[in-house]
**Student:** 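Sharing a structure with you now.
What you are looking at is a predicted structure, and each value in this text was computed from that prediction instead of being measured. Start at 1 with the first residue, then count along the sequence.
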Amino acid sequence: MRYLAFVFLVLIFSYSAYAKEFDYGITGSVKGLYGYSDISDHNHANADGHISSYVSYDFNADTTATLYLDLMGGIDKEIQDYNQGSWGEEVYGEINSAYGILMIGQTWNVASLFHDGASMVGAITSNNDIVDFIANPNWQRDDKNTIFSTLNSTDINTDGVAPKINYISPEYFGTAVGFSYIPDSYNRRGLENKHAGYAHHDAFVAALYSDHDFGWFSAKTSVGYGQYHGNDKDYSLSLRLSRGNWSLGGGFRKTYIDGEDKSSPAWNLPSDFDTYREGHGWNIGLGYEIGPFSSSLTYFNAKSDKSDNCNKIVAFSNQYEFNKYIDIYLAAAYADNSSAQETVHGYAIISGIGVNF
């Protein structure tokens, strides 16, 4: 990470003599949720917050350098998917020029950045949000263990926001390509267990993105490929079709082990702690937005090819923007999660409020 930060600072100072404009900003949000489910403890509440800040220089009409600092944290979250457990950060620099975009630091890989399939809004913006209210034996991350027996997303999120170098080409006819190099692929917001033999190896990711307006509708597509050395190979696809206030989208992801399996788990981990490395997942979702109201209905399915571990999740999530400071959430979800040890299935009703500043 220190090396990547040094490279970015050198790039910024090489332009500093020509800097013409300075800008900065900070925004944030806090979200609190309460849910009732028909299983386990029935009632559960949690909260999380996010602060985003940036400092930028405009060197000329075509070139801008920006340093981003995002801080996040949460309480009573079932999956602690922040960089240091309950709290975390993303720190990265970006140079945007006529030659493309160069990003260095803690951020998502290009395949994840390009992925734009099923819409998820409000209280449920990721599958991990549902795990807070309906337990999933296939997905666990706490202070002691990281277990992902199935994929939890259709985008390539194996490395989370591990420090990396991203390059995204200029857009030509609505199409751009991107490449990521990750020196150390382990990150707590990713899928890898730090005790696995392949943890801390490097990785490469490549992706293509396309956005076209056909008049009657618009279409966004992406294709991603990841090679995690000693771990697995990863493919992803996404498609979103939009017309008026409606959108229909989905994604697909496939992982497989190519060559020698270097898992080597610690003695206290179950045998299926990382069977996401040979599996697949897909989703489909319908989104609607009008004025201050937005809604999404999604279905997600993931399965391990090495076992009977699988997940089936349906989520209906709604958000109403009361004003620019207050959001109101109401959602319902159903999940059927199966592993070799147990099966958990049930529903949850979730409500909450968000404060923006």
**Student:** Looking at the rings of His229 and Phe204, which for Trp means the six-membered one, are their centres under 6.0 Å apart?
**Tutor:** yes

**Student:** Run the side-chain contact (heavy atoms from CB on, under 4.5 Å) test on Trp108 and Arg189 for me, step by step, so that the C-alpha distance in whole Å, both residues' side-chain angles and the decisive distance to 0.1 Å come before the verdict.
**Tutor:** CA-CA 10 Å; Trp108 300 97; Arg189 296 182 72 181; 3.6 Å; yes

**Student:** Answer yes or no: is there a donor N or O on one side and an acceptor on the other, between the side chain of Asn138 and the main chain of Ser338, under 3.5 Å?
**Tutor:** yes

**Student:** Can any side-chain N or O of Ser317 pair as donor or acceptor with the backbone N or O of Val121 at less than 3.5 Å?
**Tutor:** yes

**Student:** Report yes if the side chains of Tyr36 and His44 come closer than 4.5 Å at any heavy-atom pair, otherwise no.
**Tutor:** no

**Student:** Is it true that a side-chain atom of Asn157 and a backbone atom of Gly160 form a donor plus acceptor pair closer than 3.5 Å?
**Tutor:** no

**Student:** State, with a plain yes or no, whether a side-chain heavy atom of Thr158 is found less than 4.5 Å away from one of Arg277.
**Tutor:** no

**Student:** Is it the case that the side chain of Thr64 and the backbone of Asp58 share a donor-acceptor pair, with hydrogens and angles ignored and the cut-off at 3.5 Å?
**Tutor:** no

**Student:** Are Phe293 and Tyr320 near enough that their ring centres are under 6.0 Å apart?
**Tutor:** no

**Student:** If we ignore hydrogens and angles and just use 3.5 Å, is the side chain of Ser169 paired with the main-chain N or O of Val177 as donor and acceptor?
**Tutor:** yes

**Student:** Taking all non-hydrogen atoms of both residues, which atom of Glu89 and which atom of Val91 are closest, and how far apart?
**Tutor:** CG-CG2, 3.8 Å

**Student:** Pick out which of Asp81, Asn127, Asn128, Asn311 makes a side-chain hydrogen bond (donor to acceptor under 3.5 Å, both in side chains) with Asn152.
**Tutor:** Asn128

**Student:** Take Thr150 and Ser304 through the test side-chain hydrogen bond (donor to acceptor under 3.5 Å, both in side chains) and record every step on the way to the result.
**Tutor:** CA-CA 5 Å; Thr150 59; Ser304 167; over 6 Å; no

**Student:** Apply the test side-chain hydrogen bond (donor to acceptor under 3.5 Å, both in side chains) to residues Trp282 and Thr154: give CA-CA distance (whole Å), side-chain angles for both, the deciding distance (0.1 Å), then the verdict.
**Tutor:** CA-CA 6 Å; Trp282 62 274; Thr154 56; over 6 Å; no

**Student:** Do Asn83 and Val161 touch side chain to side chain, with heavy atoms closer than 4.5 Å?
**Tutor:** yes

**Student:** Where do Leu241 and Ala219 come nearest, in terms of heavy atoms and distance?
**Tutor:** CD2-CB, 3.7 Å

**Student:** Is there side-chain contact between Tyr57 and Asp23, with at least one heavy-atom pair below 4.5 Å?
**Tutor:** no

**Student:** Among Asp202, Asp184, Asn187, Asp159, which one satisfies side-chain hydrogen bond (donor to acceptor under 3.5 Å, both in side chains) with Lys164?
**Tutor:** Asp159

**Student:** Would you check if the side chain of Asp272 reaches a backbone N or O of Thr275 as a donor-acceptor pair within less than 3.5 Å?
**Tutor:** no

**Student:** Please work out whether the ring planes of Tyr68 and Tyr92 are parallel, tilted or perpendicular, with thresholds of 30° and 60°.
**Tutor:** parallel

**Student:** Is atom CZ of Phe173 surrounded by more than 12 heavy atoms (other residues, nucleotides or ligands) closer than 6.0 Å?
**Tutor:** no

**Student:** Aromatic rings Tyr24 and Phe22: how do their planes relate, parallel, tilted or perpendicular, breaks at 30° and 60°?
**Tutor:** tilted

**Student:** Does any part of the side chain of Asn283, heavy atoms only, come nearer than 4.5 Å to the side chain of Asn301, both counted from C-beta?
**Tutor:** no

**Student:** Using the rule given for side-chain hydrogen bond (donor to acceptor under 3.5 Å, both in side chains), can you reason through Tyr34 versus Asn43, listing the C-alpha separation, both sets of side-chain angles and the distance that settles it, and then say yes or no?
**Tutor:** CA-CA 7 Å; Tyr34 166 79; Asn43 299 281; 2.3 Å; yes

**Student:** Looking at Pro137, is its backbone amide N or carbonyl O close enough to the side chain of Asn337 to form a donor-acceptor pair, meaning the two atoms are under 3.5 Å apart?
**Tutor:** no

**Student:** Under a single-linkage definition using a 4.5 Å side-chain heavy-atom cutoff for Ile, Leu, Val, Met, Phe, Trp and Tyr, are Leu297 and Ile130 assigned to the same hydrophobic cluster?
**Tutor:** no

**Student:** Donor-acceptor pair, distance only, cut-off 3.5 Å: does the side chain of Thr255 make one with the backbone of Tyr276?
**Tutor:** yes

**Student:** Evaluate the side-chain proximity of Glu192 to Asn231: yes if any heavy-atom separation is below 4.5 Å, no if none is.
**Tutor:** yes

**Student:** Okay, side chain of Trp139, backbone of Val131: is any donor-acceptor separation there less than 3.5 Å?
**Tutor:** no

**Student:** Applying side-chain hydrogen bond (donor to acceptor under 3.5 Å, both in side chains) to Tyr256 and Asp258, what does each step give before you reach the verdict?
**Tutor:** CA-CA 6 Å; Tyr256 69 95; Asp258 185 14; 4.7 Å; no

**Student:** Out of the candidates Leu113, Ile165, Thr107, Val205, only one should pair with Ser180 under the side chain to side chain contact (heavy atoms under 4.5 Å, CB included) rule; please name it.
**Tutor:** Val205

**Student:** Name all pairs fulfilling the salt bridge (Lys or Arg N to Asp or Glu O under 4.0 Å) condition that reach into residues 109-126, sequence neighbours left out, sorted by first residue then second.
**Tutor:** Asp116-Lys220, Asp116-Arg240

**Student:** Considering all heavy atoms of both residues, which atom of Tyr181 and which atom of Ala203 are nearest to each other, and what is their separation?
**Tutor:** CD1-O, 3.5 Å

**Student:** With side-chain contact (heavy atoms from CB on, under 4.5 Å) as the criterion, how do Ile101 and Ile95 come out once you've worked through the C-alpha distance, each side chain's angles and the decisive distance to 0.1 Å?
**Tutor:** CA-CA 6 Å; Ile101 300 173; Ile95 294 179; over 6 Å; no

**Student:** Please indicate whether Tyr99 has more than 12 foreign heavy atoms, meaning atoms of other residues, nucleotides or ligands, lying under 6.0 Å from its OH.
**Tutor:** no

**Student:** List the steps, then state whether side-chain contact (heavy atoms from CB on, under 4.5 Å) holds for Asn136 with Val344.
**Tutor:** CA-CA 7 Å; Asn136 188 335; Val344 179; over 6 Å; no

**Student:** Say you draw a straight line from OG of Ser37 to CD1 of Ile134; how long is it, rounded to the nearest 0.5 Å?
**Tutor:** 6.5 Å

**Student:** Check the hydrophobic clustering (I, L, V, M, F, W, Y; side-chain heavy atoms under 4.5 Å; chains of links allowed) and say if Val314 and Leu286 are grouped together.
**Tutor:** yes

**Student:** Is there a donor-acceptor contact under 3.5 Å from the side chain of Asp129 to the main chain of Ser126?
**Tutor:** yes

**Student:** Can you give me the closest heavy-atom contact between Ala162 and Tyr186, atom names plus distance?
**Tutor:** CB-O, 3.9 Å

**Student:** Once salt bridge (Lys or Arg N to Asp or Glu O under 4.0 Å) is applied, what residue pairs with a partner in residues 304-327 remain, sequence neighbours excluded?
**Tutor:** Lys254-Asp305, Glu278-Lys306

**Student:** Start with the C-alpha gap between Tyr225 and Tyr235, add the side-chain angles, then the distance that decides, and say whether ring pair (Phe, Tyr, Trp, His ring centres under 6.0 Å) holds.
**Tutor:** CA-CA 5 Å; Tyr225 168 75; Tyr235 295 91; 5.1 Å; yes

**Student:** Where do Gln80 and Arg141 come nearest, in terms of heavy atoms and distance?
**Tutor:** O-CD, 3.1 Å

**Student:** Mind checking whether Ser236 and Asp155 have side chains closer than 4.5 Å, heavy atoms only?
**Tutor:** no

**Student:** Assess the pair Tyr334 and Tyr347: is the distance between their ring centroids shorter than 6.0 Å?
**Tutor:** no

**Student:** Nearest 0.5 angstrom please: Asn356 CG to Ile326 CD1, how far?
**Tutor:** 7.5 Å

**Student:** Please determine whether the number of non-hydrogen atoms from other residues, nucleotides or ligands lying under 6.0 Å from atom CZ of Phe322 exceeds 12.
**Tutor:** no

**Student:** Is the CZ atom of Phe357 crowded by more than 12 outside heavy atoms at less than 6.0 Å?
**Tutor:** yes

**Student:** Between Phe114 and Ile168, is a side-chain contact (heavy atoms from CB on, under 4.5 Å) present by the stated rule, with each step listed?
**Tutor:** CA-CA 10 Å; Phe114 287 176; Ile168 301 173; 3.8 Å; yes

**Student:** For the residue pair Pro163 and Ile182, what are the closest heavy atoms and their distance?
**Tutor:** O-CG2, 3.8 Å

**Student:** Contact between Ile284 and Leu248 at the side-chain level, heavy atoms closer than 4.5 Å - yes or no?
**Tutor:** yes

**Student:** Please confirm whether the ring centroid of Tyr288 lies under 6.0 Å from the ring centroid of Trp246.
**Tutor:** yes

